[in-house]
Amino acid sequence: MSRYFDAASGLPLRPEARRALEAALEHGWADPARLHRDGRVARQLLDAARASVAACIGVPPQQVMFTSSGTAAIQLGVLGLARGRRKVGAGVVASAVEHSAVLRAADWVAGGGEPTIVPVNAEGQVEVKGFRRAVRAPGVALGCLQHVNPEVGTIQPLAEAHEAAAAAGVPLLVDAAASLGSLPAPQHWDVLAASAHKWGGPAGVGVLAVRSGVRWRSPLPTDDAGRPAGFPDIPAVVAAATALEQAVGDLGRTQLQLSRLVTVLRERVPHVAEDVTVLGPAEQRAPHIVCFTILYADGDVLVTELDKAGFAVSSGSACTSDTRRPSHVLAAMGAVTHGNLRVSLAPDVTEADIGAFLLALPGAITAARAAADSAADRPVP
Amino acid sequence: MVEARGVLCPVPIIRLARAASALPPGSLVELLSDDPAAALDVPAWCRLRGHTLVAVSVLGPEATAAPAVGTPAPGTEPAVGRPPEGQALRHLIRVEAPVGS
């Protein structure tokens, strides 16, 4: 029984990936640049992993780089496009609901200036007209748009955004961290970033794909092929490739199964207690992510109460965090930021798991609301 | 008036909801809060509950009402900004009839 409902934060290593990791630790330890047998074995493992990931994304292997994390892939992608297009300018266009790694990288590139942030609608979808207008402005080096929003599960209109960027001659970086392995790989991008931890590979492996002809220049010192110099962690990369192959091979089953279970959650969670609503669109959504607003409760307390009941979920609320900064995604959607609950399903979740969750949820909500109620009763300090 | 300075979300919204539920449609509720999340949650809660956010203004450190930062045209929402560090916002909400009644 799986009670891990925080797949969008990271999945445990898939068993096949663990076996591939162990085998690669034994055989793939050598320097892949060496000509001896051990070196050639390591090189073959690396090349095979690259070819496998490239096939899953749908690009030739030479367009795929491995990085030390999903964040590193995003940073290399953004900084590399900015470097390749520095003669054009340092402008960056990004949706308001990008991952903070994208927004921080955009800030970095913009230097003293500010990236152009394109608003989203109440369901978290970027406004295509605004995106089109923003990429047309002079001095824009790159545009950034996620495939799927990791907090709410909204699928972004990549085809339209990519068409708009291409028409303006601006390359589009697509953050596919929340979707690769859960949806067919997106097609409308110039640079793609993803993270192995999200599809059941090991933590510490990111993927950066750059289509040929795109003006991306490594922001770090390079090898002869123009990639950042140095080799990735070959056993980890092999495990990541094995996990992705399996995730993509299972898509036919998982997409349908998870989407059906999310539909059950979307229908039933708003009825387990009063003042509970679903966030995000019913149609253009990832199969495995769903997000709720539970009014008059503290999101962190909900997470703790569900943890006590044995369920791992997450929250975009930040009522008790030190920063006191609520989720920029919820803020951009104009959604209530407190009482936020994200449920993201792992591929092995069953209907029985969902049933158990639906049974545990009312108690957790009651407890979280009681705690918030008594805090509201306390006199003003 | 609902005093919610010095407390964090969701407490300001809970106090606001309690006050609103005790009042007939058309009444005005004033909420004072210095939680940055409340600046986002008050308009979002009003939209969700069908109430009208009439005005938002910044309170000075002495809790005297400062000029409104946004008094909206009919049918629109006032501009909402983050309160400057250490300062509170005053939200003015008109209670509307419950949705669906």
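From a predicted model like this one, the values you see are computed outputs, not experimental measurements. Every chain is numbered from 1 and lettered A, B, ... according to where its sequence line falls, protein lines coming before strand lines.
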Nearest-0.5 Å distance, OG1 of residue A/Thr337 to CD1 of residue B/Ile13: 8.0 Å
Apply side chain to side chain contact (heavy atoms under 4.5 Å, CB included) to A/Asp373 and list each qualifying residue two or more places apart in sequence or on a separate chain. B/Ile14, B/Arg18
Testing the basics here: between B/Arg15 and A/Ala375, what is the closest heavy-atom pair and its distance to 0.1 Å? NH2-O, 3.8 Å
Could you tell me whether A/Arg266 atom CZ has more than 12 heavy atoms of other residues or ligands within 6.0 Å of it? yes
Could you tell me which portion of A/Ala372 (side chain, backbone, both or neither) has an atom closer than 4.5 angstrom to a non-hydrogen atom of chain B? both
Leading residue by heavy atom contact count with chain B [cutoff under 4.5 Å; candidates A/Thr293, A/Leu330, A/Thr277, A/Val336]: A/Val336
Atom pair CG (B/Leu8) and CG (A/Asp298), whose distance is rounded to the nearest 0.5 Å: 9.0 Å
For the residue pair B/Arg49 and A/Leu295, establish whether any side-chain heavy-atom pair is separated by less than 4.5 Å. yes
Nearest heavy-atom neighbours spanning B/Ala44 and A/Gly334: CB-O, 3.3 Å
